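First the structure, in the form of structure tokens, and then the observations on it.
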Amino acid sequence: MTIPYLSIVGLIPLLGALIVAMSAQKAGRILALIFSLISLGYTVALVAYMKMAAISVKESLPWLPAVGSSYSLDLDGMGLVMVLVTVLLVPTVLIAEWKTGVGETGRFSSKTFVALVLLVSSFSLFTFMSFDLLIFYVFFEATLIPMYFLIGGWGGAKRGQAAAKFLIFGLAGGLIMLFGVIGTTVLSARTGQISLGFVELGAMTFHPTWVTHLIFVSFFVAFALKAPMVPAHIWLPDAAEETTPGGAALMVGILDKLGTFGMIRICIGIFPVEAKWATPVILVLALVSIFYGAFAAIGSKNLMRLIAYTSISHFGFMVMCIFAMTSQSISGAIFYMVNHALATGALYLVVGYLIYRRGSMDVRHFGGVNKVAPLAAGFTLIAGLACCALPGTSPFVSEFMAIAGTWSRYPVIAAIAVPGTVLAAVYILWTYQRMMTGSVTEATQKHITSDLSWRERLALIPLVVAFLVLGFYPQPALDEIAVTTQYYMVAADMTDPEALVEGER
């Protein structure tokens, strides 16, 4: 196409980051918000145009023909919904973190913070749109850089250690994934039609050997480190605790989804035979993640770590759905990624507001908050209930699809996973009870002297509206996702179990 519509989606926040970096200190936050809103408006307009005109927008330019790599971008249903979530979450984070770094200069200034947020947005958008393995890898790794500085530049006293741990795990995953990229290039070359395009690789037949199994494992480990799954999860609670609430929302809502996104795009799309071979072990790891995350959340007294542990549990559900490989489970996994970003992002932001007022992350240092800050308590409750999949919120739809789709092929696995949904209610409601209900404690009365401001409400409302609207009317998103799901079911040579097919009739 003559106009690079998709490149513009990723370039808007990148251009914004560069302009913000060169701007005056006071103008940086305003410029960053303007560019994030332009990104949101342009992306929504482009998607609306694509749907009304019934066209697909693709880009492809030769890049490294010697290894079959091209600058290839596309928007399938899975990429589309994740792109929309990204452009929605970024301006809410910028609004929520409006005062971060204000009054500071140098690398810890507010201007630097918002520029890094825009860089995270740009690199993530390019990753979600990439349809070439090498391009995907480049942007996948590039997201580590701005996120490292977001964690290390602002937040708690141990933010430097947390940022280093985040980077070490990320680089380790990248090196492991690089082995997979090189191995896939060699496998492609042996077919006589070398290409690293996802569509072309998906059409190739790689005869299963120990080499293809090893390449699959390298990709899966890299994505499990990013997601993260037990036992590769240990960097997430530290990073979530030490970074800002907005940084945590970006990290868990967008960057960590690159792991589950890659499992579908590469592990299922390119190596379906190996995915089936590894499924029994992966399903067990998913169950371990579900219950480890849930019990760790119940036992956690630190609010930011608690939410991080809940995410580990949720990622276990996502991975379980992906490797159950039914149309319902894969659709549920993709929709789960969207809903988790919305609900957990909102929860991180509102809890961050309370932590800022109280000056503590300890659950025990709160009490009776609903009497002095009813709006904050109300937003905490609705975001928390969404995280534990309350009917009427969009996470309920994805979680129901996930368990139902898994049940149709692996009923024992699904049955074991179901109590994880009950544990979600335990860690959310118990935390709410300890923080919000009862008599107002002296510390709460002293420190929490104001409810949510208009700016703080403005950051939360879009996320809450999104997961409520999708809870009652998820069909537009599911229609987009269904096309992608069907593609990967065909790629994996999988059909739905007879019980599911009969139920759909």
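All values reported here derive from a predicted model rather than from experimental measurement.
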Heavy-atom count check: over 12 atoms from other residues, nucleotides or ligands less than 6.0 Å from Phe179 CZ? yes
For residues Tyr309 and His233, is any side-chain donor paired with an opposing acceptor at under 3.5 Å? no
Treating Ser122 as the side-chain partner and Leu119 as the backbone partner, does any N or O pair qualify as donor plus acceptor under 3.5 Å? no
In Å and rounded to the nearest 0.5 Å, what is the CD1 to CD1 distance from Ile307 to Ile312? 12.5 Å
Between Ser289 (side chain) and Leu285 (backbone), is there a donor-acceptor pair under 3.5 Å? yes
Side chains of Ser124 and Ser121: any donor to acceptor distance under 3.5 Å? no
Closest non-hydrogen atom pair, Ala17 against Ala115: CB-O, 3.5 Å
Nearest 0.5 Å please: distance from the CZ atom of Phe166 over to the CG atom of Leu171. 9.0 Å
Near-ring test Phe261/Phe128, centroid separation under 6.0 angstrom: yes
In Å, rounded to the nearest 0.5 Å, how long is the span from CE of Met361 to CD of Glu242? 6.5 Å
Spell out, as yes or no, whether a donor-acceptor pair under 3.5 Å connects the side chain of Lys371 to the backbone of Gly438. yes
Kindly give the heavy-atom pair with the smallest separation between Leu375 and Asp451, and that separation in Å. N-OD2, 2.8 Å
Using distance alone, with no hydrogens and no angle criterion, decide if Asp238 and Gln161 have a side-chain donor and acceptor under 3.5 Å apart. no
Over 60° means perpendicular and under 30° means parallel, so classify the ring planes of Phe123 and Phe139, tilted if in between. tilted
To the nearest 0.5 Å, what is the distance between OG on Ser39 and CG on Leu14? 11.0 Å
Can you tell me how far apart CE (Met82) and CG (Leu258) are? Round to the nearest 0.5 Å. 7.5 Å
Counting the benzene-type ring for Trp, do Phe140 and Phe223 have ring centres under 6.0 Å apart? yes
N/O donor-acceptor pair under 3.5 Å between Thr344 side chain and Ala341 backbone: no
Donor-acceptor pair, distance only, cut-off 3.5 Å: does the side chain of Arg455 make one with the backbone of Ile95? yes
Between Leu349 and Thr92, which heavy-atom pair has the shortest distance, and what is it? CD1-O, 4.3 Å
Within the distance-only criterion (no hydrogens, no angle test), does the side chain of Thr421 pair as donor or acceptor with the backbone N or O of Val418 below 3.5 angstrom? yes
For Ser313 and Thr310, run side-chain hydrogen bond (donor to acceptor under 3.5 Å, both in side chains): C-alpha distance rounded to whole Å, both residues' side-chain angles, the deciding distance at 0.1 Å, then the answer. CA-CA 5 Å; Ser313 182; Thr310 70; over 6 Å; no
Would you call the rings of Phe220 and Phe216 parallel, tilted or perpendicular, where under 30° means parallel and over 60° means perpendicular? parallel
Kindly say whether Phe396 contributes a backbone atom to a donor-acceptor pair with the side chain of Glu399 at under 3.5 angstrom? no
Looking only at heavy atoms, what is the nearest atom pair of Phe219 and Cys267, with distance? CB-SG, 4.1 Å
Quick one: do Phe113 and Phe149 satisfy ring-ring contact (aromatic ring centres under 6.0 Å, His included)? Show the steps, please. CA-CA 9 Å; Phe113 179 88; Phe149 287 107; over 10 Å; no
Indicate yes or no for a side-chain donor-acceptor contact from Ser300 to the backbone of Arg305 under 3.5 Å, with no hydrogens or angles considered. no
Give, for atom OG1 of Thr485 and atom CD of Glu480, the distance between the pair rounded to the nearest 0.5 Å. 11.5 Å
Check: Thr143 and Met147 side chains under 4.5 Å, non-hydrogen atoms: no
Donor-acceptor check, side chain of Thr380 to backbone of Ala376, threshold 3.5 angstrom: yes or no? yes
For Ser329 versus Cys321, what's the shortest heavy-atom pair and its separation? OG-O, 2.8 Å
Can you confirm whether or not the ring centre of Phe315 sits under 6.0 Å from the ring centre of His340? yes
How close do Ala249 and Val93 get, heavy atom to heavy atom, and via which atoms? CB-CG2, 4.3 Å
Chi angles and distances behind the side-chain contact (heavy atoms from CB on, under 4.5 Å) call for Arg265, Tyr488: CA-CA 8 Å; Arg265 185 76 88 208; Tyr488 287 104; 2.9 Å; yes
Return yes if some donor-acceptor pair links the side-chain N/O of Arg29 with the main-chain N/O of Val114 below 3.5 Å, else return no. no
